[in-house]
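Reading through the structure tokens given below for one structure.
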Amino acid sequence: VASMIAVTTSLTSLNVSGGVYEAQNLQGSGKAFGEALKTSSLKELKMVKCKLDTTDGNALASGLAVSTSLTVADLRYNQLDINSAQMLADIAKAKSISLCGISQDQTAADFRPSKNVYRKMQPADA
């Protein structure tokens, strides 16, 4: 999937999030997605509950840092550590990228627990 992002210029939104009961196991795919973000026209990437780890977070950060089109990268409910989450947050803040699925023009948000997520947010999700 990640390799298709860079060559499919009409793709502006991609959701590879985990399902209701099972997390999507995309651990180890951060490098491929990070590289794809560097040249893609993707505006929104949702990778919620994908078992992404610290290495994936660091690799995605390198893609976010140079992406010229991304405005939303929803990475909640993964296995990032505080340091990789902080690196992503710093890049996102500098480039006005949302890491939690909230867009810049959004005026309301519902933070009630989702029926699709059966775990609480961890410190790195904040």
Side-chain angles (χ1 to χ4, degrees):
V1 172
S3 62
M4 295 303 295
I5 295 172
V7 296
T8 310
T9 57
S10 61
L11 183 66
T12 59
S13 181
L14 179 64
N15 186 348
V16 293
S17 297
V20 175
Y21 300 105
E22 291 286 328
Q24 177 78 332
N25 191 354
L26 293 177
Q27 188 174 27
S29 66
K31 182 176 181 181
F33 276 95
E35 286 300 314
L37 289 174
K38 292 177 181 180
T39 58
S40 80
S41 57
L42 203 62
K43 293 181 181 184
E44 180 179 31
L45 175 62
K46 292 187 177 187
M47 297 183 80
V48 177
K49 208 167 119 179
C50 290
K51 298 184 179 179
L52 301 175
D53 62 16
T54 299
T55 302
D56 295 314
N58 292 338
L60 285 166
S62 72
L64 263 63
V66 297
S67 173
T68 58
S69 60
L70 201 67
T71 58
V72 174
D74 194 346
L75 304 173
R76 293 171 297 140
Y77 300 105
N78 281 294
Q79 300 164 356
L80 306 176
D81 70 354
I82 297 297
N83 292 332
S84 61
Q86 185 63 55
M87 182 178 5
L88 285 161
D90 291 344
I91 294 166
K93 183 177 179 182
K95 298 190 70 160
S96 298
I97 297 172
S98 169
L99 294 179
C100 60
I102 298 173
S103 62
Q104 286 185 323
D105 59 348
Q106 189 170 335
T107 58
D110 183 357
F111 291 104
R112 291 177 289 182
S114 169
K115 64 181 180 183
N116 294 330
V117 178
Y118 293 104
R119 79 177 255 257
K120 293 180 180 178
M121 292 181 85
Q122 301 299 314
D125 289 317

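Quick note: numbers below take in every heavy atom, side chains included, and nothing from hydrogens, waters or symmetry partners.
The shortest non-hydrogen separation linking Leu42 to Ser69 is O-OG, 2.7 Å. Of all non-hydrogen atoms in Lys51 and Asn78, the two that sit nearest each other are N-OD1, 3.0 Å. Pairing each heavy atom of Leu88 with each of Leu75, the nearest pair is CD1-CD1, 3.9 Å. Heavy-atom minimum distance, Leu26 versus Leu52: O-CD2, 3.6 Å. In this structure, Ser41 and Ser10 approach most closely via the heavy-atom pair OG-N, 4.4 Å.
In this structure, Asp53 contributes its side chain and Gln79 its backbone to no donor-acceptor pair below 3.5 Å. Judged purely by atom type and a 3.5 angstrom limit, Asp56 has no side-chain atom pairing as donor or acceptor with the backbone of Gln27. For the pair Lys95 (side chain) and Ser67 (backbone), a donor-acceptor distance under 3.5 Å is present.
Taking CE from Met87 and CG from Leu60, the interatomic distance works out to 10.0 Å, rounded to the nearest 0.5 Å. To the nearest 0.5 Å, atoms CD (Glu44) and CG (Asn15) are separated by 7.5 Å.
Applying the salt bridge (charged side-chain N to carboxylate O under 4.0 Å, His left out) test to every pair with at least one member in residues 24-37, sequence neighbours left out, gives these pairs: Glu35-Lys38.
Phe33 and Val66 are not part of a single hydrophobic cluster, where members link through side-chain heavy atoms under 4.5 Å apart.
For Asn83, there are no side-chain hydrogen bond (donor to acceptor under 3.5 Å, both in side chains) partners at least two apart in sequence or on another chain. Residues passing the side-chain hydrogen bond (donor to acceptor under 3.5 Å, both in side chains) test with Thr68: none are found, sequence neighbours excluded. Here Ser84 pairs with Asp81 under the side-chain hydrogen bond (donor to acceptor under 3.5 Å, both in side chains) rule; sequence neighbours left out. Scored by the side-chain hydrogen bond (donor to acceptor under 3.5 Å, both in side chains) test, Asn58 finds no partners at all (sequence neighbours excluded). By the side chain to side chain contact (heavy atoms under 4.5 Å, CB included) test, Ala92 is found to be paired with Ile97, Leu99, residues two or more places apart in sequence or in another chain being considered.
The closest side-chain heavy-atom distance from Lys49 to Ser17 is not below 4.5 Å.
Only one option out of Val72, Leu70, Thr71, Asp74 pairs with Leu45 in a side chain to side chain contact (heavy atoms under 4.5 Å, CB included); it is Leu70.
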